[in-house]
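Just below is one structure, and these are the notes that go with it.
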Amino acid sequence: MPEGHSVHRIARQFGADFLGKEVEVSSPQGRFSAGAELISGLELIRSQAVGKQLFLHFGLDKIMRVHLGIYGAWDFAGELTALGTSRESSIGAPRLARAVHIGEEEKDRGESQVAEAQADFPPDPVGQVRARLLTATAVADLRGPTACEVLNPDEVAGVLNKLGPDPANDNSPAAKEEIVARVQRRRVAIARLLMDQQVFAGVGNIYRAELLYRARLNPFIAGAELRTETIEALWDDWAKQLELGIRTGKMMTRDDLTDEEFTEALTDETNRHWVYGRVNQPCRTCGTPIAMEVLSARKLYWCPHCQSR
DNA sequence: CATCGATGTTGAG
DNA sequence: TCAACCTCGATGG
């Protein structure tokens, strides 16, 4: 799935273009018909991302929870606020007629699709659309989610209770203390803890590998063995990478590039990472072949030389 | 055109 | 530990 940064981008897109409006909710595919009926016509009063969870609040006690799972995605079309894609870009540019896809990868749809969306708004749903959220000027189609349901505040609290801190929402000293405690209390490899949403909410398989490499940390050291400063540094770097991901819409974890190389790598995913997806390719720092091992059914990539301790 | 694999989670066994 | 969930781009024939 899109890791935490994408979900925050999605929450911001809703915040910019759907907040304060009455939203017509439907389920073209049919599998969310009952839920859609509960919230259709209500005003969106809050758009919130926590880790990989999205909460759209329709009034105080009807909250739509969406989790994209491994291949879910939102397609936005209509008059949309451009969220920005460059390192320095600010979020909240003027609204333009656009079509945007936010899933594993985020991309603007081509000109033809934008023109089509303008000429014929709202567009007919294409394929399996679990949920459609429609205002007078914008539409959002959800496909392939792992979760899409309407909850009450108690149920939302139950979900939030199972999530660790998310630095995009709270990067306070208290949050840092919390992450240190959650890591140090576990005799489990840090590579697993990074993927545990009860510890690092929002981290996924790419950020996991990249954060470990950036820290030059051995993925197999148990949380309980890590020094406080090491965990704090990991948290600080996660906060930094997440913020960059939210700003650019891309997981660009390298910091050894010039501005031009950086911009170019944004459009070329083979160059965005230190170790992720690079099994047997030479480490960008020492040339040692990148190692890969399946851990809890997910592929972990690391450099056995740079990350030996 | 068929098959594979993916930035995830849940629940059965 | 593994299948299931259910989508789609990349890959191979």
Side-chain angles (χ1 to χ4, degrees), chain A residues 1-10 27-32 49-54 65-75 99-110 113 125-132 140-149 151 155 158-164 166 168 188-189 191-214 238 241-242 244-246 248-254 265-279 292-302:
Chain A
M1 122 172 222
E3 303 191 16
H5 70 298
S6 304
V7 184
H8 281 279
R9 298 266 294 185
I10 290 160
S27 178
Q29 173 203 55
R31 290 186 52 189
F32 181 59
V50 183
K52 299 170 191 169
Q53 312 267 346
L54 175 72
R65 177 181 82 98
V66 174
H67 193 297
L68 293 177
I70 200 163
Y71 37 54
W74 284 97
D75 285 306
V100 185
H101 171 93
I102 309 182
E104 291 179 16
E105 269 295 321
E106 176 172 334
K107 53 210 170 216
D108 270 294
R109 295 300 200 184
Q113 287 187 49
V126 175
Q128 298 287 306
V129 175
R130 181 77 58 88
R132 162 165 281 203
D141 284 343
L142 170 67
R143 43 188 18 109
T146 251
C148 174
E149 58 185 356
L151 302 180
E155 293 169 319
V159 174
L160 295 179
N161 273 338
K162 291 186 201 149
L163 296 175
D166 177 340
V188 171
R192 287 185 195 271
L193 296 179
L194 278 164
M195 290 290 279
D196 184 342
Q197 300 301 297
Q198 297 196 41
V199 183
F200 289 89
V203 173
N205 205 25
I206 296 182
Y207 277 132
R208 164 191 48 189
E210 296 295 298
L211 290 170
L212 287 168
Y213 182 82
R214 290 169 57 85
W238 164 226
Q241 295 308 304
L242 178 59
L244 184 64
I246 293 170
T248 61
K250 299 274 162 69
M251 274 184 277
M252 179 51 191
T253 49
R254 291 177 66 186
L266 283 181
T267 59
D268 174 13
E269 61 184 311
T270 62
N271 275 328
R272 278 182 216 158
H273 311 307
W274 288 103
V275 294
Y276 178 79
R278 300 191 65 244
V279 61
M292 189 277 283
E293 187 174 306
V294 176
L295 205 63
S296 313
R298 309 305 300 280
K299 288 179 175 177
L300 168 69
Y301 301 86
W302 79 103

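Protein chains get the first letters and strands the later ones, always in sequence-line order, with residue 1 at the start of each.
- Between A:K52 and B:dT7 there is no side-chain N or O to OP1 or OP2 distance below 4.0 Å.
- On the P atoms, C:dC8 is 22 Å away from B:dT10, given to the nearest whole Å.
- To the nearest whole angstrom, the two C1' atoms, one in C:dT1 and one in B:dT7, are 22 Å apart.
- A:R254 approaches A:W274 most closely through the heavy-atom pair CA-NE1, 3.6 Å.
- For the pair A:L68 CG and C:dC5 P, the interatomic distance rounds to 19 Å; values are reported in whole Å.
- One can place CZ of A:R9 at 21 Å from P of B:dT7, the figure rounded to the nearest angstrom.
- Regarding contacts with the backbone of B:dT7, a side-chain N or O of A:R298 is found under 4.0 angstrom from either OP1 or OP2.
- Side-chain atoms of A:Q197 lie closest to B:dT9 of the nucleotides B:dA6, B:dT9, B:dG8.
- A:D196 places its CG atom 12 Å from the C1' atom of B:dT9, with the value rounded to the nearest Å.
- A:A131 meets the side chain to side chain contact (heavy atoms under 4.5 Å, CB included) test with A:F32, A:M64, A:L133, A:L142, A:C148; sequence neighbours excluded.
- Residues satisfying the ring-ring contact (aromatic ring centres under 6.0 Å, His included) test with A:Y276, not counting sequence neighbours, are A:H273, A:Y301.
- Taking atom CE of A:M195 as the reference point, atom P of B:dT7 lies 7 Å away to the nearest angstrom.
- Contact annotation for A:R208: no contact, since no heavy-atom pair falls under 4.0 Å across all strands.
- Stem regions for DNA chain B, each three or more consecutive Watson-Crick or G-U pairs with both distances under 3.5 Å and listed by first number, read B:1-6 with C:7-12, B:8-12 with C:1-5.
- When the P atom of B:dT7 is taken as reference, atom CE of A:M251 falls 9 Å away, rounded to whole Å.
- Looking at heavy atoms from C-beta onward, A:Q53 lies in side-chain contact with A:R65 at the 4.5 angstrom threshold.
- Going from atom CG of A:L295 over to atom P of B:dT9 covers 15 Å, rounded to whole Å.
- Using a 4.5 Å heavy-atom cutoff, the side chains of A:R272 and A:M251 are not in contact.
- In this structure, the side chains of A:E210 and A:Q241 stay at 4.5 Å or more apart for every pair of heavy atoms.
- Between A:Q198 atom CD and B:dG8 atom C1' there is a gap of 15 Å when expressed in whole angstrom units.
- Between A:Q29 and C:dT7 there is a side-chain N or O to OP1 or OP2 distance below 4.0 Å.
- Atoms CZ (A:F200) and P (B:dG8) sit 15 Å apart, rounded to a whole Å.
- Remark: A:Y276 is in phosphate contact with B:dT7, judged by side-chain N or O atoms under 4.0 Å from OP1 or OP2.
- Here the side chains of A:V203 and A:W238 are in contact, with some heavy-atom distance below 4.5 Å.
- Here the separation of B:dT9 from C:dG9, taken at their C1' atoms, is 22 Å to the nearest Å.
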